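Let me begin by presenting the structure, written as C-alpha cells, before commenting on it.
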Amino acid sequence: MNIRFFPLDFDYKLKENKVVVYLYGKMEDGTNICVLQEHQPYFYARWKPSLEALSPSSSQPDSFPPEFQQLSLETSDGVARTTAVEEVERELLGIKSTFWKVYANYPKAVPVLAQQLESSGLEVYERDILFIHRYLRDHGITPMTLVEAQGEFVPDQNLRVPVFLAQQLQQFSQEAVQKLKILSLDIETYAEKKEISPVQNPILMIGLYGQDQSGLEFRKVLTWKRFQHELGYVEHVQDERELLERFRQIVIDYQPDIITGYNTDGFDFPYLKVRADKYNLILNLGRDHSELLAGTKSFRDGEAKIKGILHLDVFKFIRNIFGKDLKTDSYSLDAVSSELLGYKKHPVNLDELSHIWNHDPDKLVDFCIYNLHDAHLAFKLCELLLPDMIEFTKIIGLPTFDLIRMRFSRLVENYILKRAIEYKVLAPNKPGEYESGQRREESIQGAFVYEPTPGLYHNIVVFDFRSLYPTIITAHNIGPEGFRCPCCADTEHVPEQETYWFCQKEKKFLPTVLEELILRRADLKRLIKEEKALGHEIKMLEARSYALKLLANSFYGYLGFFGARWYCIECAASTTAYARNYIKKTIHQAQEKGFPVIYSDTDSCMLLLGEKILSQAFEFMNEVNFSLPGSMELEFQGSYPSGLFVALKSGEKGAKKKYALLSSDGQVKITGFETVRRNCSPIAKEIQEHVLQLALTEKVPEAVRYVRDMIKKMKQGEIPLEQLIIKTQITRELDSYSSIAPHVAIALRLQQQGESILPGTVVEYVIITGEGLVRDRAVLPDEARERKYDADYYIYHQILPAVSSILAVFGYTEDDVAADSSQIGLGKFF
DNA sequence: GGCTCCCGGGG
DNA sequence: GTGTACGGGAGCC
C-alpha cells in the first residue's frame, strides 16, 4: 500500500545486520507515524593519482584491490566489513575521474574501513558524511515536506506510534507540513547568588505551554510547593521527584510533534537530565521509549534530543541564523521577544525566587505566572520562526533539528553537498589538523574602508551594492575548480592579484550553485510582488527569500573559512579584490559628479547632497549601474538628516566602522560603538546612548552637561549600586587559573570563607576605593554597600571611554569633561 | 605584545 | 553520532 507523510525527525538503528532509517512524522490526517527503510552506508576511494596517472596516456585505475573486497576489522562495537564495491565516475574539484564506491555494513564501520584503506595508500572521500544526511540526499527526501512510501504497516515495533515498513520511498511534493502540535517548556530552578548548579539545586517549577492542531491551548505549571492561589494551570506535586515523574507523563501523553523552549539545549534539558539521574528516574520520552539525551558530559553546550520528537531550541536558531538581522545585540529571551513579538517577560525579581521559595511561598504565584509566560514566549517565537526554519530545511534538505544548530559555514557546505549529488561531484575532505593550522595562518586583504574625517554631517545619502560578494563570485566565475585553469591564462586577471585568474570558458560548479540561489531569489521576489498585489499570504515566500539571501551572502565567507571542504583562499581574496575595485570606482564617479564622499565600507558609499537634490544622486546611481557586469547593482539605501563620525582614540584619524546616523523619523542608528556586555557596568551603556542622541540633534552643550552631571553624581556616590555591578563567570576549577583577574580574586576569597565555587558561578563585583591592583579592590555588591565605590575607576574605565570619542568631535577632551566637573563636584583629587 | 581567559543563553 | 562552536575583546604578565 501507499502512504504519504511529512517526516520530521530522524534516527537509525541496526536490526539483524541491516541498517534501518527511522523517519518519524505525521500523515496528512495528523496521525503520527514512523516509517522504516533500509539504507546502506558507503564512502569513496581511489588510488592516489600519481604524476603519470594524470597524463592522458596512463591507463584507468586498476580494479579495487582484492584484499579490500572482503575487508573485515574487529572494533569495540562489532565487525566492520566492506559489503560491496562499485566503480563510478565523479568529479573532484573540477577533475573527472573514476572512484570506487565502497559499501560498509553499518555507519560507524565507515570511518574504521576508510582509515584502513587510507593507511594502505588509497585516498578516501566522504567518510564523515552523517548517515541520515547521506540517506536524505540519496533519496532526494526533504524533511517537513510530503513524502510517499510504498510498503506496509507492521506490528508493534516497540514504538509509541504506528510503524510502516517501506520498500520504496520518494518525495511526493514540495508541500510543507502545517498545523504542527508544539509543546514549549521552561524550568525555574533554585539558585542563590545567580549560581546555577544542577548538581546541588533542585528544579522548583516546570512551565508547559502547548497548542494542538485546532489551536486548543494547553497550559501547566508544575511545582512541589503548596501555596494559596487562583491559577487554574498550577498543579502541585509532593516533591521534585514527583515533579519530574509528572513532567515525563505529560510529555508522553501530550504527543507533541515539536518540543521547544529557549536555550533548552544548554539549560532546561541538561538540568532535567541531571535531576532525573539523581533520583534514578529515566526520562524515557522518546517515541521509541529511549531516554532524553542531554548534556551527558558536562552541563554546558551540547544538544538535547528526544528521539521521534523534533526538538527546536529557538535560541539556537536565533543565535546562529536569524539573530544577525535583529537590532538587539542581546539574544536574551526578553530582548528577542520584545523585538519579534512585542512582548516582554513577566516582571519579577528572579534573585528573590529562592528566598521566597524557602520563606514566603504565597508570593510564588508571580513566579508561576512568570514561568508559564516564558514557556509561552518561546512557543510564540517557535511558531513565528517555523516558516524560516522550514524554508532552510527545504533549501538544504537536512533535518530541521540539525539545520537550526548550524552556523552559516555549515549551512553553505550542506547546501553545496546537496547540489553535489545532482552534478556527480564528490566533496573534498575536511582539512586535517595540520592543514587546518596552515589555513588558519592564511589571511587575505579584506574590504576597502574609506577613512572618515571625524565630524557631524548633514544631508547624507547612502548607496550600496546589492549582494556585492555573491554577484562578484558569479559574474567572475570565482571558485576552486576554475582557478588558474590552463585554458584561460591569457584572459582577464583579478585586479591587484595579477597572478590570479578564473576560467572564462565554462561555468564551474561552485559559482553555478551560487548563481542558482541568486536566480531563485530573483524569481521569488517577482512572485512575492505578484502575490502581494493579489492580497495573498506571502509569509512563507518571504521566509524563503530570506533564507536564500542569507545562504548566498555566506558563500564568500565559506570560501575563506579554514574548515571548509571547498576552501579556496585565493577565491576569497579575488572576491574582495574585485569588490575594492568596484567600490573605489564608484567613489571616484561620485566625486566626479560633485558629491563629496564622507564614508564607504565594503559595499556602501555615503555621500553628501550639498546643494544638489536627491534626483541628481539617482542619476549618478543609474550611471554606475549601466557599466556593471552580471547581476551586480548599486541601490539606494537611504538618506539621513545627520550623521556623526568619531576619531580613533589616538590621533586625528577617523575611526572606521563606528558612527551613528539620525534618520528623518528621529531614530538613531548606532554602528560600532561599544556593545555593552555583562562585564561592563550598566551605567556606561546608558550614558553612551544618551550622549549620541543629544550629539546628533546638535545638543552638544546639553550632552556635556549631562556627562558632567553623571560624573558628579558618580563622585558624590549617588549612582545606585546596581548600575555599577560588573558580572563575570567562573568557568573552571579555581586552582587552575594562572592569572588572577578581579572575578577570580573574588571567587578565591569566597572559597576561603567556605563557599563552594563551582564552574558556572557568576561573580558580581564592584570596584571600591583603596590601594593596589584593580583585583584587590573588587568586592561583592553587598560588601560595597558599606564601602565607597571607586568613582575614579568608573569614571576613567567605564564612563569616559564610552563618551570621549563622541565629545572629542566637538572639541572636548576627557579632561575638559572630567576636570570641569571636579570643580562642580568634590574636586579634591584634581 | 603575547597569552590566557571569558563572553553568549539559562535561574 | 560516519561530530563538538566561534570569533572577539579585555586584562594580566
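The structure presented is a predicted model; accordingly, all values stated were derived computationally and were not measured. Naming convention: chains lettered A, B, ... in sequence-line order (proteins, then strands); numbering from 1 in each chain.
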For this session: Just say parallel, tilted or perpendicular for the rings of A/F367 and A/Y370, cut-offs at 30° and 60°.
Result: perpendicular
Exercise. Parallel, tilted or perpendicular: which describes the rings of A/Y24 and A/Y22, with under 30° parallel and over 60° perpendicular?
Worked result: tilted
Problem set entry | Summary of side chain to side chain donor-acceptor pair (under 3.5 Å) pairs that have at least one residue in residues 107-119 of chain A, sequence neighbours excluded | A/E118-A/R127
Using a cut-off of 4.0 Å on non-hydrogen atoms, how would the nucleic acid contact of [X] be classed: base, sugar-phosphate, or nothing?
| X | answer |
| --- | --- |
| A/D11 | nothing |
| A/L333 | sugar-phosphate |
| A/D186 | sugar-phosphate |
| A/I187 | sugar-phosphate |
| A/Y12 | sugar-phosphate |

Side-chain N or O of [X] versus OP1/OP2 of [N]: is the shortest distance under 4.0 Å?
| X | N | value |
| --- | --- | --- |
| A/K305 | C/dG1 | yes |
| A/K345 | B/dG11 | yes |
| A/S330 | B/dG9 | yes |

Exercise. Which parts of residues 108-116 of chain A get close to DNA chain C, meaning a heavy atom less than 4.0 angstrom away?
Worked result: A/K108, A/V110, A/P111
For this session: Answer yes or no: is there an ion pair linking A/D9 with A/R287, defined by an N-O contact shorter than 4.0 Å?
Result: no
For this session: Would you please name every residue forming a salt bridge (Lys or Arg N to Asp or Glu O under 4.0 Å) with A/R134, sequence neighbours left out?
Result: A/E126
Problem set entry | Base B/dG9 to side chain A/D265, donor-acceptor N/O within 3.5 Å cut-off | no
Problem set entry | Closest to side chain of A/F561, choosing from B/dG9, C/dG7, B/dG11 | C/dG7
Exercise. Can you tell me if NZ on A/K18 sees more than 12 non-hydrogen neighbours from other groups inside 6.0 Å?
Worked result: no
